Amino acid sequence: MISITTPTFDLDGVLTLQRTEESDQNTHSRRVTRTATLDGSAVLVDQGYSHADRTIKAKARQLSQDDFDRAAYLLQTYPLLVVSCDSGVFLAAPERLTPVGDGLDLLLLVSEKLNA
């Protein structure tokens with residue numbers, strides 16, 4: 001389950017999704033870049049790990065039109081949302097909302113993790 005809420009009070013600012021197996025909330029990455037050198041080698045620059053590099057892909061099916069409309073309202077109205085899922089509680093920017101049949105795909109760019 002993924003719960004998406006507004007950071008401030010809004011009567012229409014709550015959306016709860018039953019995520020599908022295709023949802024991705026557990027992918028982690030480091031801030032690493034690789035640059036080729038003239039001698040055929042490479043230079044790696046590792047700037048560490050940050051939750052801000054995470055992307056949550058919420059995929060839900062069998063939604064009502066009201067649920068989709070609420071997701072669209074949240075994306076259009078709020079630059080940051082509070083996202084609660086199995087991996088934790090995050091502050092995230094909604095980047096893209098895509099209708100898929102009777103459901104949706106929602107891409108959320110994490111800004112920070114709010115719980116320990």
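On a predicted model such as this, the values are computed, not experimentally measured, just so you know. Residues: numbered from 1 along the sequence shown.
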Seminar exercise, completed: All heavy atoms of Ala71 vs all of Leu97, minimum pair found to be C-CD2, 3.8 Å
Problem set entry | side chain to side chain contact (heavy atoms under 4.5 Å, CB included) assessment of Leu63 paired with Leu17 | CA-CA 8 Å; Leu63 295 178; Leu17 302 173; 4.0 Å; yes
Exercise. Just by modelled atom types, is the Leu109 backbone N or O under 3.5 Å from a matching donor or acceptor in the Arg54 side chain?
Worked result: no
Exercise. Roughly how far apart are Thr6 OG1 and Leu15 CG, rounded to 0.5 Å?
Worked result: 11.5 Å
Exercise. Looking at Leu80 and Ser111, what are the two nearest heavy atoms and their distance?
Worked result: CD2-CB, 4.4 Å
For this session: Could you tell me which non-hydrogen atom of Arg31 sits nearest to which non-hydrogen atom of Ala52, and how far apart they are?
Result: NH2-CB, 3.8 Å
For this session: Establish, from distance only, whether the side-chain atoms of Asp39 and Thr37 form a donor-acceptor pair under 3.5 Å.
Result: yes
For this session: For the residue pair Asp10 and Tyr78, establish whether any side-chain heavy-atom pair is separated by less than 4.5 Å.
Result: yes
For this session: Please name the pair of heavy atoms, one in Gly103 and one in Phe68, separated by the smallest distance, quoted to 0.1 Å.
Result: O-CD1, 4.3 Å
Problem set entry | Pair Val82-Leu91, side chain to side chain contact (heavy atoms under 4.5 Å, CB included): steps then yes or no | CA-CA 5 Å; Val82 177; Leu91 192 60; 4.2 Å; yes
Problem set entry | Side-chain heavy-atom pair Leu107, Thr55 within 4.5 angstrom cut-off | yes
Exercise. Is Val83 reachable from Val89 through a run of hydrophobic residues whose side-chain heavy atoms are each under 4.5 Å from the next?
Worked result: no
For this session: Could you tell me the separation between the CZ atom of Arg61 and the OG atom of Ser23, rounded to the nearest 0.5 Å?
Result: 8.0 Å
Seminar exercise, completed: Heavy-atom closest pair (Ala42 atom, Arg34 atom, distance to 0.1 Å) is CB-CG, 3.8 Å
For this session: Mark yes when over 12 heavy atoms from residues, nucleotides or ligands other than Gln62 sit less than 6.0 Å from its CD; otherwise mark no.
Result: no
Seminar exercise, completed: In short, Leu74 meets Gly13 closest at the heavy-atom pair CD2-CA, 3.8 Å
Exercise. How long is the gap from OG on Ser29 to OH on Tyr49, to the nearest 0.5 Å?
Worked result: 7.5 Å
Exercise. Taking Thr77 for the side chain and Tyr73 for the main chain, is one N or O donor matched with an acceptor at less than 3.5 Å?
Worked result: yes
Exercise. For the atom pair CG (Leu104) and CZ (Arg70), what is the distance rounded to the nearest 0.5 Å?
Worked result: 13.0 Å
For this session: Output the distance between atom CD1 (Ile2) and atom OG1 (Thr16), rounded to the nearest 0.5 Å.
Result: 10.5 Å
Exercise. Hey, are the side chains of Ile4 and Leu106 touching, using non-hydrogen atoms and a 4.5 Å cut-off?
Worked result: yes
Exercise. Is the count of non-hydrogen atoms from other residues, nucleotides or ligands lying under 6.0 Å from Lys57 atom NZ greater than 12?
Worked result: no
Problem set entry | Distance (rounded to the nearest 0.5 Å) between Leu114 CG and His51 NE2 | 10.5 Å
Exercise. Does the distance from a Lys or Arg side-chain N to an Asp or Glu carboxylate O, for Asp105 and Lys59, drop under 4.0 Å?
Worked result: yes
